[in-house]
Trainee: 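The structure's right below; bear with me while I get my questions together.
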There are 2 protein chains.
Amino acid sequence: MGKKRPYHHGNLRQALIDAALELIEERGVSALTLREVARQVGVTHAAPQRHFADRAALVAAVAEQGFRGLAAHVAAVRGSARTPAQRLRALGVAYVEYALAHPAHLRVMFSPEVADKSRHPELAAAAQAVHGTLVEQIANGQRQGSVAPGDPDELSFAAWSMVHGCAVLLIDGQAMGRSKRALIDAVVDRLYLGLGPREPSGKRRS
Amino acid sequence: MGKKRPYHHGNLRQALIDAALELIEERGVSALTLREVARQVGVTHAAPQRHFADRAALVAAVAEQGFRGLAAHVAAVRGSARTPAQRLRALGVAYVEYALAHPAHLRVMFSPEVADKSRHPELAAAAQAVHGTLVEQIANGQRQGSVAPGDPDELSFAAWSMVHGCAVLLIDGQAMGRSKRALIDAVVDRLYLGLGPREPSGKRRS
DNA sequence: TAGCCAATGTGGTCGATGTCAACATCGCAC
DNA sequence: GTGCGATGTTGACATCGACCACATTGGCTA
């Protein structure tokens with residue numbers, strides 16, 4: 001058992017992020033404490049200062065990793081299904097799946113503590129990557145006629161609203177006892193129906 | 001200058017809630033401090049304890065008022081438009097409108113700090129009222145044939161996801177420079193198209 | 001190879017916060 | 001009127017974020 005901890009940790013920054021996420025998963029974002037994180041990792045209370053200017057910076061780092069993970073998970077659907085329509089559905093499912101698999105991450109990513117993305121440019125970039133995949137799939141769908149024509153930005157915003165709202169509501173425990181899987185299917189079905197090709201049946205724009 | 005403050009405030013509880021909301025609007029949820037709220041109202045730092053067991057209780061009270069306001073604002077559409085379809089659209093718009101008009105309230109309502117609604121039954125009840133209006137309108141629409149048949153719970157969840165996601169994204173500044181009004185219209189349009197009567201064009205349920 | 005220096009971790013401190021407990025003051029029921 | 005519960009005050013304590021001076025390390029250079 002000789003090995004006593006060396007004076008330098010080696011990879012403290014990542015260790016702090018990991019410990020922070022673990023803490024958030026167990027006791028919520030508000031329980032995240034710089035000192036507690038430092039304790040978990042086995043360094044003194046001031047050590048994190050060398051890697052994160054303040055508490056907000058640590059939270060932002062956790063959120064950034066969450067966005068990267070979401071972007072990767074969502075981007076993976078690009079090679080999955082054959083038709084753009086199927087890919088669009090798979091993309092929606094992937095978004096919600098990631099949220100349910102990593103609820104703590106999701107909560108941090110859209111926490112008010114990092115809402116001001118102008119102060120965390122890397123956050124905005126990571127979020128933009130997710131949105132980019134969505135716009136890309138919608139544009140593809142439009143080229144193949146499986147998605148109704150229209151401003152891709154507006155359509156992607158509508159689609160994003162739907163899957164994001166679904167994810168947030170499910171995480172917040174608004175499933176009301178129903179099967180989450182069924183609710184996700186319902187949402188993605190309606191997403192598909194709402195975006196699919198058809199002539200508008202009534203007046204648009206209030 | 002005669003009037004010195006009486007020993008008892010008279011309506012401290014509501015005054016604290018109001019001050020708390022104001023503070024949140026100005027500096028964010030994380031800046032909400034029991035002592036600062038007490039200072040604003042002009043009482044000593046321990047006075048709030050008589051009305052709120054802890055900081056979380058105050059936050060929950062603010063959230064509860066937000067839910068009540070949203071429920072009222074949304075319920076108002078019941079008497080507005082003629083057809084159920086129009087009412088459904090108006091309902092979605094009303095939801096997002098309230099969110100944009102009271103962003104701080106919305107953020108608190110869905111803040112992780114009150115996510116555990118089991119510890120705040122009155123919160124769950126207020127949220128349920130909002131959802132109830134939605135289910136009611138969808139059931140009405142189905143009776144008149146302007147909404148596709150299907151489990152009303154699933155349909156309302158899909159609709160709720162859409163408007164809630166839209167509201168959250170807009171509040172979080174994800175409008176990307178586009179007109180919020182146009183984005184809301186796009187979302188509600190797709191909501192209407194997704195729920196409207198038609199035969200499913202492809203397979204459903206993965 | 002010797003030494004030097006920037007990066008990284010330690011220990012101490014300060015003001016602010018949430019929470020508790022003991023005390024002061026008020027208003028309403030009797 | 002009087003007594004008691006509700007409400008507000010004062011004081012205290014542990015913890016937190018942030019800052020500082022100092023200690024230790026490893027890598028770079030001369």
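Quick caveat, the model's predicted, so the values are computed rather than measured. Per chain, numbering begins at 1; letters A, B, ... match sequence-line order.
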Trainee: Considering only heavy atoms, which members of residues 48-65 of chain B lie under 4.0 Å from some atom of DNA chain C?
Mentor: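 Within this stretch, B:Gln49, B:Arg50, B:Asp54, B:Arg55 sit under 4.0 Å of the strand.
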
Trainee: Just how far, in rounded Å, is C1' of D:dG8 from CG of B:Leu16?
Mentor: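 In whole Å, D:dG8 C1' and B:Leu16 CG are 11 Å from each other.
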
Trainee: How would you list, by chain and number, every residue that makes a salt bridge (Lys or Arg N to Asp or Glu O under 4.0 Å) with B:Asp151, sequence neighbours excluded?
Mentor: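 For B:Asp151 the salt bridge (Lys or Arg N to Asp or Glu O under 4.0 Å) partners, ignoring immediate neighbours, are A:Arg178.
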
Trainee: Sequence neighbours excluded, which residues qualify as side-chain hydrogen bond (donor to acceptor under 3.5 Å, both in side chains) partners of B:Arg78?
Mentor: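 side-chain hydrogen bond (donor to acceptor under 3.5 Å, both in side chains) list for B:Arg78, sorted by chain: B:Glu136.
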
Trainee: Are A:His105 and A:Val62 close enough that some pair of their side-chain heavy atoms sits under 4.5 Å apart?
Mentor: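 Yes; the side chains approach each other to less than 4.5 Å.
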
Trainee: Is the backbone N or O of A:Leu70 less than 3.5 Å from a side-chain atom of A:Tyr95, with the two atoms forming a donor-acceptor pair by type?
Mentor: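 Not confirmed, A:Tyr95 side chain does not pair with A:Leu70 backbone.
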
Trainee: Which pairs of donor and acceptor atoms, one on a side chain in residues 106-113 of chain A, lie under 3.5 Å apart (sequence neighbours left out)?
Mentor:
unit_1	atom_1	unit_2	atom_2	d
A:Arg107	NH1	A:Asp172	OD1	3.3
A:Ser111	OG	A:Glu113	N	3.0
A:Glu113	OE1	A:Arg55	NH2	2.6
A:Glu113	OE2	A:Arg55	NH2	3.1

Trainee: Counting only non-hydrogen atoms, which of residues 27-40 of chain B are less than 4.0 Å from DNA chain C?
Mentor: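 B:Thr33, B:Leu34, B:Arg35, B:Arg39, in order of number.
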
Trainee: Who passes side-chain hydrogen bond (donor to acceptor under 3.5 Å, both in side chains) against B:Arg68, sequence neighbours left out?
Mentor: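 For B:Arg68 the side-chain hydrogen bond (donor to acceptor under 3.5 Å, both in side chains) partners, ignoring immediate neighbours, are B:Glu64.
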
Trainee: How many angstroms lie between CG in A:Leu183 and NZ in A:Lys180, if you round to the nearest 0.5 Å?
Mentor: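 One gets 9.5 Å once the value is rounded to the nearest 0.5 Å.
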
Trainee: Do A:His45 and C:dG12 share a donor-acceptor pair, side chain to base, under 3.5 Å?
Mentor: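 A donor-acceptor contact between them is present.
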
Trainee: Less than 4.5 Å apart, any side-chain heavy atom of A:Glu97 and any of A:His102?
Mentor: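 No, their side chains stay 4.5 Å or more apart.
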
